[in-house]
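In this chain, residues are counted from 1 in sequence order.
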Amino acid sequence: MAATTETLEFQAETRQLLQLVIHSIYSNKDIFLRELISNASDALDKLRLESLTDPDLGADTSDLHITLEADSDARTLTVRDNGIGMTRDDVVDLIGTIAKSGTAGLLAKIKEAKENKDTDAASLIGQFGVGFYSAFMVADKVILHTRRASTDQGTVWESDGEGTYTIADAADLPVGTTVTLHLKAEDSEDGLGDYLAAWKIRQIVKQYSDFIRWPIRMAAQAPSPVTSEDDTDADSSSSGADGETAGTLETLNSMKALWARPRSEVTEAEYHEFYRQISHDWQDPAQTIHMRAEGTFEYEALLFLPAHAPFDLFSRDTKRGMQLYVKRVFIMDDCDALMPNYLRFVKGVVDAHDLSLNVSREILQHDRQITAVRRRLVKKVLGAIKDLQATDTDTYTTLWEQFGRVIKEGLIEDRDNTDTLLELVSAASTHDPEKTTTLREYVSRMKDGQNTIYYLTGENRAMVQNSPHMEAFTAKGYEVLILTDPVDEVWTDQVSAFDGHRFQSIAKGQVDLGNDAEDESGEEAKAAKARQEQDFVGLLAWLQTTLSEHVKQVRLTSRLTTSPACLVGDAHDLTPTLEKMYRAMGQELPAVKRILELNPTHPLVTALREAHARNSDDPAIAEIAELVHGSALLAEGGDLPDPARFTRLLADRLTNAL
């Protein structure tokens with residue numbers, strides 16, 4: 001067999017790497033087949049490249065493929081390719097020493113091929129050594145047969161992975177590489193599967209190598225034919241890996257990497273079918289985004305915006321929809337490094353050209369190239385939603401109804417894209433009882449001299465629209481945004497303005513919409529207001545003392561027209577709803593006292609002022625003050641501190657009135 005046989009020791013670094021590969025680098029032992037198939041795919045890519053640049057290579061590239069063979073009797077699994085192959089020096093360099101990519105020497109050729117517009121030039125993964133060593137996770141012994149194209153001499157390499165290997169020359173080998181693994185016994189506790197079972201091989205190929213551009217073939221399995229007693233001696237096919245009759249070769253992978261094809265060559269039906277495959281959704285996506293990036297870091301991406309929200313969108317354990325591939329080799333799903341949390345509903349694939357197959361989630365989190373990819377993907381997704389907003393209102397409206405609450409989380413998390421996200425925000429408003437409005441549309445309808453975007457948060461539209469805080473705004477024709485999502489309580493506190501117009505809650509701070517009388521006689525109106533405040537000085541001071549446990553201030557207001565009172569907060573106070581949210585999350589907060597505002601023109605308030613002026617010590621007046629405060633609290637959807645006492649006081653007042 002061999003003219004020259006040598007027994008050599010692995011480099012010290014290589015022995016260490018072997019132990020790391022076997023015991024540390026890979027948590028899933030199924031990965032070994034992905035690695036060996038990737039190496040075989042590399043070899044086919046390299047043969048294709050050299051055949052284009054070297055017409056004298058003499059290699060047959062008419063049927064480049066990878067073959068898998070399982071032998072149950074010998075307990076061997078073989079991965080064979082008819083690619084570029086290796087010389088004896090290549091084997092020693094790539095396997096016997098510390099892992100090298102084996103592709104660095106081809107970069108100049110790739111660059112030259114690119115300049116000649118050869119689209120197949122950049123098809124190299126590399127990292128042959130590390131991927132090859134993964135075989136020792138599942139094998140007691142590995143034998144490699146290889147012959148490089150344009151050479152006559154083959155090489156045989158053999159090792160048990162313990163510290164030495166043998167290498168020998170061999171004649172009559174075909175061009176390409178054959179790796180034969182003498183498998184360890186199946187051990188579920190150690191994560192060793194039955195790698196001789198055809199179903200297991202198909203499963204691994206489908207999961208990790210389905211989109212490899214070259215066909216991956218294996219002998220097809222078919223049920224053994226039923227035989228009678230008369231033909232038991234008839235010829236039969238050889239038994240396959242599952243003890244079934246082996247048939248013709250079948251191709252295990254689809255090779256349909258849609259993202260690697262030009263968009264013009266992919267039909268909508270193909271996009272939709274692929275979306276259903278990766279998302280397990282029964283509906284077509286709302287939007288498809290197909291992109292390619294070239295330069296220092298090359299990748300392709302195929303993204304989908306779903307038409308409806310999944311049931312677990314707001315679950316703590318919900319998974320991201322992004323899958324990461326390297327050169328069509330599956331690396332991981334649920335890749336949170338590719339998409340921020342507020343775009344977790346986006347489904348799709350990113351195929352990077354220049355990452356290692358052994359990349360981990362921790363490495364991805366700090367990889368500058370992946371960070372750059374993430375930024376571009378986010379801009380592309382937000383841009384696609386913006387395009388829908390401008391060109392397909394119905395689809396945008398449906399998309400916002402399904403995912404608007406999630407997208408608004410970006411206003412808290414993603415300061416780099418705040419302006420873009422604000423352009424996308426769509427909310428209910430007092431302008432239209434049915435349709436929502438964008439902030440841009442709101443600004444276009446603002447009154448002359450209005451520089452503020454008014455909004456009010458609450459649990460639902462009916463509660464917000466009927467809030468006492470709305471009365472003066474409705475009366476004077478000011479549009480108010482109605483924000484009812486829990487996230488609205490947070491982002492409105494953190495985002496100060498849109499297009500130069502600041503946000504203001506109509507339930508916070510002082511709101512002065514002007515007085516109709518001021519248009520005719522400003523001085524006269526100011527004098528009337530001053531007299532009014534003087535008339536209520538005594539009542540306001542008394543109320544502030546009486547209700548000191550519940551409010552921090554009592555004052556007159558111009559924001560009410562029909563209600564006697566309302567509660568407001570200072571400009572930077574937490575809203576009651578936000579207080580509830582924090583407490584529900586287990587965060588203890590000090591009680592936030594509100595401001596009680598009175599409508600000086602309401603009959604109840606004027607009657608209360610007169611009663612206080614007559615006899616401020618009357619206990620009934622203090623009870624009425626409690627009822628006024630409790631009514632204001634109920635009107636905004638708040639919780640009474642003592643519902644039983646409020647009910648009793650109300651019943652007593654009603655009884656006395658009859």
Go through it in stages, so that I can follow the logic: the residues are Asn28 and Tyr208, the test is side-chain contact (heavy atoms from CB on, under 4.5 Å), and I'd like the CA-CA distance, side-chain angles, deciding distance and then a yes or no. CA-CA 12 Å; Asn28 181 1; Tyr208 294 105; 3.0 Å; yes
Taking every non-hydrogen atom, the tightest pair across [X] and [Y]:
X: Ala307; Y: Gln402; value: O-CG, 3.7 Å
X: Leu77; Y: Leu196; value: N-CD2, 4.5 Å
X: Thr78; Y: Thr180; value: OG1-OG1, 3.4 Å
X: Leu47; Y: Ala59; value: CD1-CB, 3.4 Å
X: Ala70; Y: Ile201; value: CB-CD1, 4.1 Å
X: Leu192; Y: Met137; value: CD2-O, 3.6 Å

Quick one: are [X] and [Y] in side-chain contact, heavy atoms under 4.5 Å?
X: Leu181; Y: Phe136; result: no
X: Asp160; Y: His182; result: no
X: Val346; Y: Leu305; result: yes
X: Val175; Y: Asn82; result: no
X: Glu250; Y: Arg202; result: yes
X: Ile31; Y: Ser134; result: no
X: Arg34; Y: Val329; result: yes
X: Phe403; Y: Pro306; result: yes

Can you confirm whether Asp172 is buried at CG, in the sense that more than 12 heavy atoms of other residues, nucleotides or ligands lie under 6.0 Å from that atom?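 Counting neighbours around CG of Asp172, 12 or fewer heavy atoms of other residues, nucleotides or ligands fall under 6.0 Å, so no.
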Go through the steps for Lys386 and Gln389 under the test side chain to side chain donor-acceptor pair (under 3.5 Å), then give the verdict. CA-CA 5 Å; Lys386 180 66 176 174; Gln389 187 184 56; 3.0 Å; yes
Indicate yes or no: does [X] engage [Y] in a salt bridge with an N to O separation below 4.0 Å.
X: Glu186; Y: Lys200; result: no
X: Lys29; Y: Asp187; result: no
X: Arg276; Y: Asp284; result: yes

Let me confirm one number: the [atom1]-[atom2] distance from [X] to [Y], rounded to the nearest 0.5 Å.
X: Tyr275; Y: Leu303; atom1: OH; atom2: CG; answer: 12.0 Å
X: Asp210; Y: Ser254; atom1: CG; atom2: OG; answer: 3.5 Å
X: Asn39; Y: Ile66; atom1: CG; atom2: CD1; answer: 9.5 Å
X: Arg405; Y: Leu313; atom1: CZ; atom2: CG; answer: 7.5 Å
X: Leu252; Y: Ile37; atom1: CG; atom2: CD1; answer: 8.0 Å
X: Leu173; Y: Arg147; atom1: CG; atom2: CZ; answer: 7.5 Å

Go through the steps for Ser62 and Asp60 under the test side chain to side chain donor-acceptor pair (under 3.5 Å), then give the verdict. CA-CA 6 Å; Ser62 60; Asp60 180 10; 2.7 Å; yes
Between Asp71 and Glu69, is a side-chain contact (heavy atoms from CB on, under 4.5 Å) present by the stated rule, with each step listed? CA-CA 7 Å; Asp71 187 329; Glu69 298 174 2; over 6 Å; no
Can you check whether Ser41's main-chain N or O pairs, donor with acceptor, with Arg213's side chain at less than 3.5 Å? no
Check for a donor-acceptor pair, side chain of Ser159 on one end and backbone N or O of Gly161 on the other, with a separation under 3.5 Å. yes
Are Glu300 and His353 close enough that a side-chain donor and a side-chain acceptor fall under 3.5 Å? yes
Counterpart residues, salt bridge (Lys or Arg N to Asp or Glu O under 4.0 Å), relative to Arg75 (two or more places apart):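 By the salt bridge (Lys or Arg N to Asp or Glu O under 4.0 Å) rule, Arg75 matches no residue at all.
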Could you tell me which residues satisfy salt bridge (Lys or Arg N to Asp or Glu O under 4.0 Å) with Asp152, sequence neighbours excluded, listed by chain and number?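 For Asp152, no residue satisfies salt bridge (Lys or Arg N to Asp or Glu O under 4.0 Å) once neighbours in sequence are set aside.
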One pair to check against side chain to side chain donor-acceptor pair (under 3.5 Å): Asp394 and Thr397. What are the steps and the verdict? CA-CA 5 Å; Asp394 291 341; Thr397 301; 5.4 Å; no
With sequence neighbours excluded, tell me which residues meet ring-ring contact (aromatic ring centres under 6.0 Å, His included) with Tyr396. none
Residue list, ring-ring contact (aromatic ring centres under 6.0 Å, His included) with His272, at least two apart or on another chain: none
For a salt bridge (Lys or Arg N to Asp or Glu O under 4.0 Å) check, start with the C-alpha distance between Lys327 and Asp42, then their side-chain angles and the critical distance, and finish with the verdict. CA-CA 10 Å; Lys327 284 295 188 178; Asp42 281 349; over 6 Å; no
Kindly indicate, with the supporting measurements, whether the criterion side-chain contact (heavy atoms from CB on, under 4.5 Å) is fulfilled by Val350 and Trp259. CA-CA 8 Å; Val350 173; Trp259 61 83; over 6 Å; no
Would you mind telling me which of Thr146, Thr155, Thr151 makes a side chain to side chain contact (heavy atoms under 4.5 Å, CB included) with Met86?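 Only match with Met86 under side chain to side chain contact (heavy atoms under 4.5 Å, CB included): Thr146.
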Quick one: do Met339 and Phe345 satisfy side-chain contact (heavy atoms from CB on, under 4.5 Å)? Show the steps, please. CA-CA 10 Å; Met339 201 66 69; Phe345 60 90; over 6 Å; no
The criterion is side chain to side chain contact (heavy atoms under 4.5 Å, CB included); which residues satisfy it with Val266, sequence neighbours excluded? Leu258, Arg261, Glu270, Tyr271
Mind checking what makes side chain to side chain contact (heavy atoms under 4.5 Å, CB included) contact with Met291, not counting sequence neighbours? Tyr299, Ala301, Arg376, Leu377, Lys380
Mutual orientation of the aromatic rings belonging to Phe211 and Phe274 [parallel < 30°, tilted 30-60°, perpendicular > 60°]: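 Geometry flag for Phe274 against Phe211: perpendicular rings.
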Whether Phe330 and Tyr325 hold their rings parallel, tilted or perpendicular, with breakpoints at 30° and 60°: perpendicular
Six-ring centre of Phe314, Arg344 cation under 6.0 angstrom, axis tolerance 45°: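 Yes, a cation-pi geometry holds between Arg344 and Phe314.
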Hey, mind stepping through Asp45 and Trp214 against side chain to side chain donor-acceptor pair (under 3.5 Å) and telling me if it holds? CA-CA 9 Å; Asp45 289 336; Trp214 309 110; 2.9 Å; yes
